[in-house]
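In this chain, residues are counted from 1 in sequence order. No experiment lies behind these values; they were computed from the predicted model shown.
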Amino acid sequence: MSKTLVRGARILGGEVRDVLIDGETIEAVGSGLDAAGATVVEAVGQILLPGLVDLHTHLREPGREDSETVLTGTKAAAVGGFTAVHAMANTFPVADTAGVVEQVWRLGRESGYCDVQPVGAVTVGLEGKHLAELGAMHDSAAGVRVFSDDGKCVDDAVIMRRALEYVKAFDGVIAQHAQEPRLTEGAQMNEGVVSAELGLGGWPAVAEESIIARDVLLAAHVGSRVHICHLSTAGSVELVRWAKSKGWNVTAEVTPHHLLLTDELVRSYNPVYKVNPPLRTEADVLALRAALADGTIDCVATDHAPHPHEDKDCEWAAAAMGMVGLETALSVVQETMVETGLLDWAGVADRMSLRPARIGRLEGHGRPVSAGEPANLTLVDPAYRGAVDPAGFASRSRNTPYEGRELPGRVTHTFLRGRATVVDGNLA
């Protein structure tokens, strides 16, 4: 592989340095670096981060290739600055066997735009009744370490306990979609003032918080790892903060859309704002931002949920839940966390690369921008401002809540083990 010299970038938003990439590795970081024959990327004014890692991506393949494929999803990931994504298990067939997770893993290797780490289902068919082949998925070529029935909650406490006990043997983690099903029957949006005024079925905060309370207690009892998916309420923040104060092995993620958008947007009845968990209140949004800033929430995860237009271009009650997020995640974090002074760029690297890679036990990602490290890197122009145009998305789906909205920042280059997957904002 040829050499690449990234010249004049601010490493993690700090000192200006040159970074020399040789093959798959960072060869040197310093000033005035030169390499005969190297491809030069002029990066003055830009921020160099370790490649972003997403713990929560829906790639839809196998089974729903009309909304996304591993190829289109990893292209979207690369454009968003991601070098690794965790592919959720709610595919058709469900990723509940070694065969299916290996299929997804191999499709990721073939795509070449980012690493794909399959997430295995906790229960057979996501039905919550019997544990899936957790050990076989871990021992497979895919080496699964994260298990989740995301899209559904593992609501049976005995099943959840058994899953936590099982994955403890190989340092796995159960990622819980915290939603008490009986409390959310018929729910269409956040339960509160807006739902009452609109007459839409409410999704109460306690439906999330009650499951989190139970599961952190179970994780402590078993001595295992639990990860809370897409945490969305101020009460959930307090529960995770309490669990961490006890020294329990609990981690949590927040989505970009829960850091920015509120349930007031549902007044438009535009199904693009329909998501699970639902958009919450302004008070919840501010609590989530503060918790991400102080480390109570460990990381940002996109919950990239692509849907074809017919599943969103319909009346609210019939619309599917979910939003695409890979290509806009970093911009939303810049607006909500960096430009508000809650995080610096080193903090963004920690929350969007280092910590998610550590939770997923993902080798080679979330590493320092230093000599000898894998060249998984993202270059960002923070001064850029532009309106979101889904027509230009690499994702196969267009269900973004940000269409026409001006967001800051733009990924100009993404490098996966030294190979440019994005150059000047375009797929290589």
Side-chain angles (χ1 to χ4, degrees), residues 52 54-77 79-80 82 85-92 94-95 104 114 116-119 121 126 146 148-153 175-179 184 187-190 203 208 228-232 253-261 263 265-266 270-280 299-314 316 318-333 356 388 390 393-403:
L52 307 184
D54 190 14
L55 269 175
H56 195 142
T57 303
H58 296 274
L59 295 180
R60 302 302 190 208
E61 191 177 10
R64 284 305 305 266
E65 291 83 357
D66 57 328
S67 53
E68 196 77 283
T69 66
V70 173
L71 177 60
T72 59
T74 55
K75 285 181 176 181
V79 169
F82 292 88
V85 298
H86 290 72
M88 283 297 177
N90 58 340
T91 50
F92 299 95
V94 171
V104 173
C114 78
V116 175
Q117 180 57 47
V119 173
L126 309 181
V146 182
S148 181
D149 278 2
D150 183 67
K152 295 184 178 180
C153 177
Q176 175 69 292
H177 174 115
Q179 177 183 0
T184 54
Q188 294 288 316
M189 66 171 296
N190 178 56
W203 201 122
E208 175 173 301
I228 308 303
C229 294
H230 43 50
L231 185 149
S232 70
E253 69 191 31
V254 64
T255 72
H257 48 271
H258 286 113
L259 291 171
L260 180 60
L261 309 177
D263 61 355
L265 291 164
V266 180
N270 186 341
V272 76
Y273 300 119
K274 188 176 181 181
V275 66
N276 185 346
L279 300 179
R280 304 289 190 180
C299 61
V300 175
T302 69
D303 194 10
H304 176 79
H307 291 291
H309 72 89
E310 60 267 22
D311 288 354
K312 280 291 194 179
D313 189 14
C314 56
W316 178 276
M321 293 184 175
M323 305 167 169
V324 291
L326 286 168
E327 294 171 72
T328 52
L330 188 57
S331 291
V332 174
V333 171
V388 175
F393 279 0
S395 171
R396 181 163 282 186
S397 293
R398 303 287 180 263
N399 52 306
T400 173
Y402 310 115
E403 181 173 6

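Atoms CG and CE, from Asp149 and Met88 in turn, are 10.0 Å apart once rounded to the nearest 0.5 Å. A distance of 12.0 Å separates OG1 in Thr302 from CG in Leu330, rounded to the nearest 0.5 Å. Between the NZ atom in Lys312 and the CZ atom in Arg398 there is a gap of 15.5 Å [rounded to 0.5 Å]. Between atom CG of residue Leu260 and atom OG1 of residue Thr255 there is a gap of 10.0 Å, rounded to the nearest 0.5 Å.
In the model, Thr69 has a side-chain atom that pairs as donor or acceptor with a side-chain atom of Thr72 under 3.5 Å. Side-chain N/O atoms of Glu68 and Ser397 include no donor and acceptor closer than 3.5 Å.
Looking at heavy atoms from C-beta onward, Asn190 lies out of side-chain contact with Pro277 at the 4.5 angstrom threshold. For the pair Ser67/His58, no side-chain contact is recorded, criterion being any heavy-atom separation below 4.5 Å from C-beta on. A 4.5 Å side-chain heavy-atom check between Gln179 and Trp203 finds at least one atom pair inside the cut-off. Proximity of Pro356 to Asp54: side-chain heavy atoms (C-beta onward) are nowhere separated by under 4.5 Å. Using a 4.5 Å cut-off on side-chain heavy atoms (C-beta onward), Tyr402 and Leu261 make contact. Under the 4.5 Å side-chain criterion, counting only non-hydrogen atoms from C-beta, Phe393 is not in contact with Leu326. Here the side chains of Arg396 and Pro306 are not in contact, with every heavy-atom distance at 4.5 Å or above. Between His307 and Lys274, the closest side-chain pair of non-hydrogen atoms is not below 4.5 Å.
Asn399 places a side-chain N or O within donor-acceptor distance of the main-chain N or O of Gly322, the cut-off being under 3.5 Å. Side chain of Glu327 to main chain of Ser395: a donor-acceptor pair is present (N/O by atom type, distance under 3.5 Å, no hydrogens or angles).
Look at Asp150 and Lys152 and you find no salt bridge, because none of the NZ, NE, NH1 or NH2 atoms lies under 4.0 Å from a carboxylate O.
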Item checked: Verdict with reasoning, Glu208 to Arg280, per salt bridge (Lys or Arg N to Asp or Glu O under 4.0 Å) -> CA-CA 12 Å; Glu208 175 173 301; Arg280 304 289 190 180; 3.8 Å; yes

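Closest approach of Trp316 to Asn270, counting heavy atoms only: CZ3-O, 3.1 Å. Pro271 approaches Ala319 most closely through the heavy-atom pair CB-CB, 3.4 Å. Taking each heavy atom of Val85 and Ala77 in turn, the nearest pair found is CG1-CB, 3.8 Å. When all heavy atoms of Val104 and Ala87 are compared, the pair lying nearest together is CG1-CB, 4.0 Å. Shortest non-hydrogen contact noted between Ala175 and Val146 is CB-CG1, 4.1 Å.
Note: His230 and His56 have tilted aromatic rings, judged against thresholds of 30 and 60 degrees for the angle between ring planes.
Put simply, the residue from Ser148, Cys229, Cys299 that forms a side chain to side chain contact (heavy atoms under 4.5 Å, CB included) with Leu55 is Cys299.
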